[in-house]
Amino acid sequence: MRRTQLAGPVLDVAPLLLGTVLRSTTAEGTVAVRITEVEAYDGPNDPGSHAYRGETPRNAVMFGPPGFLYVYFTYGMHFCMNIGTGPTGTPSAVLLRAGEVIEGVELARHRRGVVPALIGTGGVLPGPVRKRPAANPDRDLARGPARMCVALGIDREHNGVDLLAKDSPVRLLDGPGFDGTPSTGPRVGLREAPDWCWRFWIPNDPTVSPYRPHVPKRRA
DNA sequence: TGGTAGATATACT
DNA sequence: GTATATCTACCAA
């Protein structure tokens, strides 16, 4: 992936990212995922975008040049990551929603609390072994934006990393992406613009996160 | 199998 | 104070 490609319209860029590989290296080791699901966010024109109401300390990376990582913390608990797209000053971005772990599976399992000895039985830490375990825990390692950040070891320290620099701890690798026709649908969990089909995924890929429509929280 | 409580940073009203 | 680009454990049936 070249930076000039990422500078294009976000609805063009988002499907291009499907099938490409994101590799993260920390002191713990290296994990790489093949991106299987993304969502497009079109800055000031998109009421669902963090950049819709202008620049804040949190979303500043989106306003910079394309190819930099925008990491944010949400629900008091989870990190999610975007690839900033569009030219400098255009705060569009692509949310990485899911991927298949293709390198460093052992480390990804460790980070996600999956006990190797219990693979296949669905044993997960912390807490007791689930009574009805998932049939295939590896499928879920990076299935969903927050899980993907855990699997790759991404946190707020990675905000602003250049994904296209050879010496970066997180890199978007060169190589062919998904060759077919992506599936599209509404973005997950958004109250705004629920009818915009700006979510793209690789058809029939088991690592794509299940669709959940926005659920307003009831008052206590 | 499906619904929900709870974790609580950040931005907005 | 309220909402949010979420996930997990727990519980009822």
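Because only heavy atoms are used, hydrogens play no part in the values below, and waters and symmetry mates are left out as well, while side chains stay in. A, B, ... follow the sequence lines: proteins, then strands. Residue 1 opens every chain. As the structure is a computational prediction, the values presented were derived from the model and not from experiment.
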What's the gap between B:dG6 and C:dA5 when it is taken at their P atoms, as a whole Å value?
22 Å

N or O in side chain of A:Arg191 less than 4.0 angstrom from C:dA5 OP1/OP2:
no

Kindly confirm whether the side-chain ring of A:Tyr75 is stacked on the base of C:dT4, judged by centres under 5.5 Å and planes under 30°.
yes

Trace of the side-chain contact (heavy atoms from CB on, under 4.5 Å) decision for A:His158 with A:Met81:
CA-CA 9 Å; A:His158 294 91; A:Met81 63 178 151; over 6 Å; no

Are more than 12 heavy atoms, taken from residues, nucleotides or ligands other than A:Tyr52, located less than 6.0 Å from that residue's OH atom?
no

By a strict heavy-atom criterion of less than 4.0 Å, which residues belonging to residues 45-60 of chain A are in contact with DNA chain B?
A:Arg53, A:Thr56, A:Arg58

Among A:Trp196, A:Trp201, A:Phe200, which one satisfies ring-ring contact (aromatic ring centres under 6.0 Å, His included) with A:Trp198?
A:Trp196

Provide, to the nearest angstrom, the distance between the CE atom belonging to A:Met81 and the C1' atom belonging to C:dA5.
13 Å

Separation of A:His78 atom NE2 from C:dT6 atom C1', in whole Å?
4 Å

Has A:Arg156 got a side-chain N or O lying under 4.0 Å from the OP1 or OP2 atom of B:dA9?
no

Is any NZ, NE, NH1 or NH2 atom of the basic residue among A:Glu100 and A:Arg143 found under 4.0 Å from an Asp or Glu carboxylate oxygen of the other?
no

Is there a donor and acceptor pair closer than 3.5 Å between the side chain of A:Tyr72 and the base of C:dA5?
yes

When the distance from CZ of A:Phe79 to C1' of C:dA5 is rounded to whole Å, what number comes out?
15 Å

A:Phe200 has an atom CZ; how far is it from atom P of C:dA5, in whole Å?
18 Å

Of all the choices, C:dC7, B:dA7, B:dA9, which nucleotide is nearest to the side chain of A:Met77 once you look at every atom?
B:dA7

A:Glu157 atom CD, over 12 foreign heavy atoms within 6.0 Å:
no

Using a cut-off of strictly less than 4.0 Å, decide whether A:Arg112 has a side-chain nitrogen or oxygen near OP1 or OP2 of C:dC7.
no

Answer with yes or no whether the side chains of A:Arg97 and A:Ser209 bring together a donor and an acceptor at under 3.5 Å.
yes

Whether the A:Ser168 and A:Arg23 side chains hold a donor-acceptor pair (N or O, under 3.5 Å, no angle test) is what I'd like checked.
no

Nearest-Å distance for atom pair CZ/P, residues A:Arg111 and C:dT8
16 Å

Give the rounded distance in Å between these two atoms: CZ of A:Arg199 and P of C:dT6.
11 Å

Would you please name every residue forming a ring pair (Phe, Tyr, Trp, His ring centres under 6.0 Å) with A:Tyr72, sequence neighbours left out?
A:His50, A:Tyr70

Salt bridge (Lys or Arg N to Asp or Glu O under 4.0 Å) between A:Asp195 and A:Arg187: does it pass, once the steps are laid out?
CA-CA 8 Å; A:Asp195 53 336; A:Arg187 295 177 292 185; over 6 Å; no

In whole Å, I'd like the distance from the CZ atom of A:Arg147 to the C1' atom of C:dA9.
13 Å

Counting Watson-Crick and G-U wobble pairs whose two distances are both under 3.5 Å, find the runs of 3 or more in a row that involve DNA chain B.
B:1-7 with C:6-12, B:9-12 with C:1-4

Quick one: is the NZ or CZ of A:Arg156 closer than 6.0 Å to the six-membered ring centre of A:Phe79, and within 45° of its axis?
no

Take the protein atom CZ of A:Arg187 and the nucleotide atom P of C:dT4, then report the distance between them rounded to whole Å.
14 Å

